[in-house]
Structure formats: C-alpha cells, structure tokens
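Below is one structure, written out as structure tokens, with a few remarks after it.
Basis for what follows: all heavy atoms, side chains included, without hydrogens, waters or symmetry-related copies. For clarity, every value in this text was computed on a predicted model and none was experimentally measured. Residue numbering restarts at 1 for every chain, and letters A, B, ... go by the order of the sequence lines.
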Amino acid sequence: MPSFVINEKCDGCKALDKTACQYICPNDLMVLDREKNKAYNRAVEMCWECYSCVKICPNQAIEVRGYADFMPLGAAVQPMRGTDSILWSVRFRNKEIKRFKFPVRTIPEGTLEPDAGYATGTDDISSPLLRTEPGSLGLSELPDIGCSKK
Amino acid sequence: MNINNFKTVEITTDLLILGGGMAACGAAYEAAFWARKKKMKVTLVDKAAMERSGAVAMGLSAINLYLGLKNKKNTITDYINYVKNDLMGITRDDLVANIARHVDSSVHLFEKWGLPIWKDAEGNYINEGRWQIMIHGESYKNIVAEAAKKAIKELGENGEYLERIFIAEPLIMDNHCVGAAGFSTRENKVYIFKARAVLATMGGAVHIFRPRSVGEGLGRSWYPPFNSGSSAYFTIKSGAEMTSQEVRFVPVRFKDAYGPVGAWFLLFKSTATNALGEDYMKKHAAELKKWAPYGTTNPVPANLRNYLMMIEIEKGNGPIYMKTDEAIKNLIDSFTNKMAAAQKMKELESEAWEDFLDMTVSQALLWASTDVEPEKRKSEITACEPYFISSHSGASGAWVSGPRDLLSGKYHWAYDNMTTVRGLFAAGDASGASSHKFSSGSFTEGRIAAKAAIAFCADSSFRDTIDKDKIHELKKIMLRPLVTYSKYNNYSNDEDVNPYFIKPKMFMFRLQKIMDEYAGGTGTAFKTSKALLEKGLEFLHYMHEDSEKLAASDLNELMRCWENIHRLWQAEAHIRSVLFREETRWPGYYIRTDFPEIKKEWKCFCNCRWDLEKQKWEMMKKEIVELT
C-alpha cells in the first residue's frame, strides 16, 4: 500500500505541533487521525514511494509495502538515515538480506555557506555574471560560447 | 460552507517565486543576492516542504548536466549540438547556451554545500556519460533547499518562504503579471500575492496520460505525481506564448517501477535486446536513415532509440531486456586477478543498488520482491506513459526571452527568461525549448531568471491594481469546489456519486482516458491522427464545462481539484499542438498516422497562445535561428 504506518510504533508525534510525515510529504498524503493519535497515508494510489516520510519518522514507524498491483509480497527495503550517511537494508522475497551504506553529506547539516567562499565578480545587475561567478566556474571569466559567428 | 470563514491574507512583495523545486531554489539563491543590493523583497511560495519538494524530492544518483569547462572536457558548442540533435532539430540554441555557460558554477556550489560527488584518485569527478557525473545524491534536495533558505534569510524581513500554499490563478492586468492567488492546504486561508515580478517554477506535468499501472501503482509515475501542470496553467492563463507543447517525453525505464537506465547504459555499458536476444539498435539501424540527419548522428536521439524498441514490441518480440547480467560479466572479465575481480564485483553490486536507492527506491523493492540480483538475471525495460518535462528530453514550456548577447538578440525582447507577458518569468520545466537542463540546469536557469527578474523589479513601478471586488471574485472561484460539495453532498448517500458534482479523482481518470485513447498514450502504442485528436478535443470541451462542477470535501481535495484543472489546460495545449504540427518528428514519442514522416517545412517551433480577451487559442509557427 506504498507507505504505511505501524500502529504500535506511531505516537502521532505528540511532542510536535504537527507530525513529521505530515510536514514532509511532497504530495500532502500523510495526515494525523486525531482520535487514534496515529498518522496514516490518505491516498496510497497517489504515493510515489519517495520514502520521505519513512526517512523522517522519529519512531521508524513508517514502512513501505510495494505497490501490490505489480510487486509480489514478501520484500522490504528500509533505510536508516543518519547525519552523514544512510544505511539501507534490502530484504528479498526469498529472505536473503543485503545491506548498503552510502554517504549523504560531506559537511554537517546547517553549516553550509551560500557563497562558499567565492566572491561575485560584478555589482552590475545587467551583467550576465551570476552570484559567485566567475570564481565558482573555476574560470577567470564567463566562458565564450565558442560559436558566436552569428 | 461560507467562504467568508476563509481569511484573506494579502502579501505585497517585489519578486514572487512560485514553486520549491530545483529551479525555485536556484531562483531564491540568486534573487536574494541581487535583491539585497536593490532593496527588494523576495517571497517564495511552495505547495510542499522545500527540503523534499519537487522532482528531486527522493534524491538523484547522477547530475546529468555538467560540462567541465574548467578542465576543457567539453565545449558549449558540442553541448548545443548534442541537445539539438536529441530534439530532432527543435531547440532554442540561445537558451541552451545560456544555461550551459553557467551550469558548472552551480555544480561546484553543490559540492561546496556538502553534496558528495564521486571522484577518481586524482580528485576529478567521475563521469557516467559525457555530460553526466555520479553523485551520492540521497540528500541532494535537502542540501540545495538549505542553501535557498539561508539565502532568503540573508534578506532579513525582506525575505520569506511560505510552505503548503497552492497557487491556483495568476493575477493579470493589461498583459502584465501582477501577482498570484492561492490557498493554504492546512488552514482556512486564501492568499493574494501582489508583486512587481512573478517567476513560475512549478515543474512539469504527470498524470495527464493514463499510467500503465492504475491500482496502487498509479502513483509510481517516472516523474512525480505531484507535478500537476501548474507551470503550464499559470503561464497559459496569463496569456503567455507557449512553445513545443507537442514535445512530450516518453522515457524508457525498467518496467513498472521505472528505475533509471542511465547508469546501466552509460556507466555499465549494458545493451538492450528483444526476447530473441537481438539488439534492436543494430537490427533496425537502417530505419534511422529515414530520420536523418538526426537519426544518423551519434548519440542516437532518445525518441529514436524508443522507436526502434517499439518496432520490436509491435512485432510481438517482447519482453525487452536490459542485459544487466551480461554487462556485469563483461566488466568483471577484464580482471584476471581473482581477488581484484571479487572486489570489483562488490563495488558494482553496491553501485547498481545505489543507483535505485538514491532516486527510485521502488525499483530496488521490485528487484527484491522478484528476487532479482542484476549480476545474475536480466530485467525488463519499457516505454513509460508520456510526461511534460522540458528539463529532460521533452521541451514543452513558456516561450521566454533569450539573452541579449547571443544570436544578436534574435530571441531577445525583454529581460532573460521573461515570457511574452510583462513581469512573468519562467524557468526549469516552466520554460520551453531548452531541454536537457536536468537538476543542475534547472537550478541554473532559476538563477538566470531570478537575477533578470530583480533587474526588472528595479526598473519598474509597483502596480497595485487588484481591487477588493476582484479579490472577492478570485476567492469565490478558488473555493467553489468546497461550496459545491457542501451544497449538494446531502442529496446522495454516496460521497462520490452525485449528479450535481464530480470529484477530482474521477475527473483525472476521465482526462487520462481521453488522452490515452485519442492523443496517443500507451494504450494506442503512441499513435494518433487528426480525426482522433479532434475527437479528443470534443471530450476536453465537456471537461472544461464539468470543471465548474468539481467538488471538494476538504482542503486536500480542493488542491486535487485545482491540480486537475491545471492538467486539463496542459492537455489541451498538447492536443492542439500535436494537431497543428502535420508531420511525425519524434516517432518514439508519438506518431501521427496521417503524417508518418518528418518534413523539412516543419523544422520550426510550434507555438500557441490562449488569447485572454478573445478567449480562444492562437497557433503559430516560429522560425528556428541557430548558433551552431
């Protein structure tokens, strides 16, 4: 059913003003059932299986059961997203398990500098140079198109 | 349901950025810098949460546009020629060149901002193909959004971003875009934004054609289902000239879960064959001559590769396979040392899985649920349903002004990336005929457009021309589905079946059925004709009438109503443009059975415009002027 919420693990993000999954879903699918205090996916057929809700859930209460109209049952792909890497566990229908770890960032979240140390080579708003150029291009000036014969 | 219970919030700004994806983030980043110098205010409005908004929400495993100009790896001329050939000659060279000369800067910034890019022992980026570089991109969008948010923060009280607001309509006065109207998807509030300039960056369009999977898998479109044609609607309903509305994109991907094939074809050098093991690219090589000079130039355009595959499917020679097992074997066989071969195998396995886990987790899930290990078993590929995405190998979008310094200003009539409507700019999937910009190019085009838009703001006066009556009228139109629902829902005892209204889900299914059956979707093997298209238009006419009877029981459904109104207008622009172009130019995207060949006289842009005053469509040819 694409992403689904495990009843036992979901606490409705009671400590927050809105649930994490509700905050993040790019398609506005996750909602909080206020009576049960559990989140749920309100339109599974509109779910892209993007895993944004799975990755952000503070209780690991969300998993994905692959689209049943073309996926045989029994497999699971579950991430654990840390501050600098993500650990994926892939469980096959035949029960085999593979694990993969990939980096996600090279500097800590919240520490990036928009200009990244590059100066902008002009103050002129009508110049074609953009913010941080030409330094961020690794060139001394904006490159010539190289085919300006016309 | 009383619309007076909805508070109206009016926000006045200088530059209004609509959207939250790559182009919008690039725009915010650039706009903030120039707005500070010009003492201008910047407001960004997103229907989702910026850190996972837009097509890069899930992440990406590659950046598909990087030229490497500092290392002289490529030239801009080579790039223009590549894009133009892929699009069968229909490309705005000036726009492609403008993006290409800036894009490396954006990629270098991404790296400094913390995006892990694959590197070789010398510290150079590792290429997937000539223009593509490999990344560990699970958090690509989070990183880019962090930069955009920080840039907006630099503006202090002159910078703001608002999330979970859906923009429904443009505000237009005398061919001048003066703002936008929308509503909150979280609380009972209507928003009226008044601006000097508006930048449309709300992505492309999905779910216009019927997807191959229609159960739970409906949402597993290749491009995200939340890209609902808002850019097209906003620019069309502003009266802006549109271009290449016929140039849909049909990607060939791993079947059903639509996982990426780029790494397999380019990095792992895999081939694809029919069920008999025949390489259809070799088998039908002669067919490519019919589509010369594009078909006989390497790399073969994406649509022609699709087309050769489709010939095999039509013959009944499917399934079509990506020979993943063979590709891995070939890569391993080059190692004579057993230890080295085992090590390489481990690396390749991890790379193959990361490709999916970074950007299409469903494909990893499909492999796991069918016990596929790619080194042991080949996998099926197929042509997806059509999408509207000018950042890839499609081209539909607004017709925008090119830079002054290229093509002697042939396509330059205003500030960079301004549409034919004053004050309305477009970038990313919203601007047309500048294909292959992908994530990095969309971000870059957002930067170009935003800088120009701030220059426009500095040169123009604020026009507060939207009066109270107009605002009330907009509020009534936007909230109509809620009113319709509350007025009639008690008549029937079924939430969805009611003679007085239509729910957005069935409205979308009707649109998808029309487009699939009359406009050349997967159901008709991408074939259509004048007779079919005209019949399709007839049905779209009923849809326009029925759109006034859309009903919504809550704010989420109200958003779905508007998304589907937006889809309807993108669909109509598409049908009219396919009808107008009397040839077949991209046979792997669609075939006009009544005009099955490519024709010299159609080497032109097909543009269209919805005339706001006359309330009718105008179709026109536009000359192609080339840089190379």
Side-chain angles (χ1 to χ4, degrees), chain A residues 1-2 23-24 26-28 42 44-52 64 66-77 86 88 90-94 98 100 102-107 109-110 112 114 116-117 120 123 125-126 128 130-133 136-139 142-143 145-147 150, chain B residues 29-30 33-34 48-49 52-53 57-58 69-70 75-77 97 101-102 104-105 108-109 112-114 116 136 138-139 143 146-147 150-151 185 213 215-220 224-226 256 350 353-354 357 361-362 364-366 368-371 403 405-407 447 451 454-455 556 627-628:
Chain A
M1 75 172 270
Y23 158 72
I24 203 69
N27 209 10
D28 198 19
R42 66 173 129 199
V44 291
E45 76 288 353
M46 291 302 275
C47 175
W48 201 37
E49 288 188 354
C50 76
Y51 275 70
S52 296
V64 167
Y67 304 107
D69 46 346
F70 60 85
M71 291 203 208
L73 296 173
V77 173
I86 187 162
W88 289 96
V90 179
R91 193 185 73 220
F92 285 63
R93 183 177 161 92
N94 66 14
K98 287 184 193 288
F100 302 100
F102 308 115
V104 298
R105 284 175 183 271
T106 58
I107 60 171
E109 185 175 353
L112 71 79
T120 302
D123 272 339
I125 197 163
S126 62
L130 300 176
R131 177 177 191 173
T132 70
E133 288 181 344
S136 55
L137 283 161
L139 300 167
L142 193 65
I145 296 303
C147 47
K150 294 180 187 174
Chain B
Y29 173 71
E30 190 73 27
F33 181 82
W34 300 101
R52 292 282 186 188
S53 180
M58 188 161 12
L69 293 175
K70 68 174 178 168
T75 66
I76 294 172
T77 306
R101 64 178 167 177
H102 293 290
D104 287 4
S105 144
H108 297 152
L109 286 169
K112 294 263 188 188
W113 292 340
H136 298 291
E138 187 280 331
S139 294
I143 292 166
E146 183 184 326
K150 277 198 169 158
T185 60
S213 301
E216 281 178 1
L218 184 77
R220 181 88 288 278
F226 35 89
D256 295 330
S350 169
W353 284 90
E354 180 177 6
L357 294 169
V361 188
S362 300
L365 196 49
L366 181 57
S369 67
T370 48
D371 291 333
D405 63 333
L406 300 178
L407 283 177
R447 293 172 67 191
K451 183 179 178 186
I454 294 291
N556 179 255
L627 265 171
T628 62

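By number of non-hydrogen pairs under 4.5 angstrom with chain A, the leading residue of B:Leu109, B:Ile454, B:Asp256 is B:Asp256.
Rounded to the nearest 0.5 Å, atoms OG (B:Ser213) and CD (A:Glu45) are 13.0 Å apart.
With a 4.5 Å cut-off on non-hydrogen atoms, B:Pro403 does not touch chain A at all. Looking at A:Phe70, the atoms closer than 4.5 Å to chain B (heavy atoms on both sides) sit in the backbone and in the side chain alike. Heavy atoms closer than 4.5 Å to chain B are found in the backbone of A:Arg91, but not in its side chain. The parts of A:Val104 that come within reach of chain B are both its backbone and its side chain, each placing non-hydrogen atoms under 4.5 angstrom from that chain. For chain B, the nearby parts of A:Tyr23 are the backbone and the side chain; heavy atoms of each come within less than 4.5 Å. Contacts between A:Trp48 and chain B at a heavy-atom distance below 4.5 Å involve backbone atoms as well as side-chain atoms. Contacts between A:Leu130 and chain B at a heavy-atom distance below 4.5 Å involve backbone atoms as well as side-chain atoms. At a 4.5 Å heavy-atom cutoff, B:Thr75 makes no contact with chain A through either its backbone or its side chain.
Across all their heavy atoms, B:Lys70 and A:Leu139 have their closest contact at CA-CD2, 3.8 Å. Taking both residues in full, the closest heavy atoms of A:Val90 and B:Ala368 are given as CG1-CB, 3.7 Å, listed atom of the first, atom of the second, then distance.
At distances below 3.5 Å, at least one donor-acceptor pair connects side-chain atoms of B:Glu30 with backbone N or O atoms of A:Arg131. Here the side chain of A:Arg105 pairs no donor or acceptor atom with the backbone of B:Ser139 at under 3.5 angstrom. Between the B:His108 side chain and the A:Ser136 main chain, a donor and an acceptor come within less than 3.5 Å of each other. Using a distance-only test at 3.5 Å, with no hydrogens or angles considered, no donor-acceptor pair links the side chain of A:Tyr51 to the main chain of B:Met58. Between the B:Asp104 side chain and the A:Leu137 main chain, no donor and acceptor come within less than 3.5 Å of each other.
The closest side-chain heavy-atom distance from A:Ile125 to B:Lys451 is below 4.5 Å. Considering only heavy atoms from C-beta on, B:Leu357 comes within 4.5 Å of A:Val77 through its side chain. Inter-residue side-chain proximity for A:Leu142 and B:His102 is flagged as met; some heavy-atom pair is nearer than 4.5 Å. Using a 4.5 Å heavy-atom threshold, the side chains of B:Val361 and A:Glu49 count as separate. You'll find the side chain of B:Ser362 reaches within 4.5 Å of the side chain of A:Met71, heavy atoms only. Put simply, the side chain of A:Val64 reaches to within 4.5 Å of the side chain of B:Leu365, judged on heavy atoms. Contact annotation: the side chain of A:Thr132 never approaches that of B:Lys112 to less than 4.5 Å [non-hydrogen atoms, C-beta and beyond]. Counting only heavy atoms from C-beta outward, the side chains of A:Phe102 and B:Glu138 never approach each other to under 4.5 Å.
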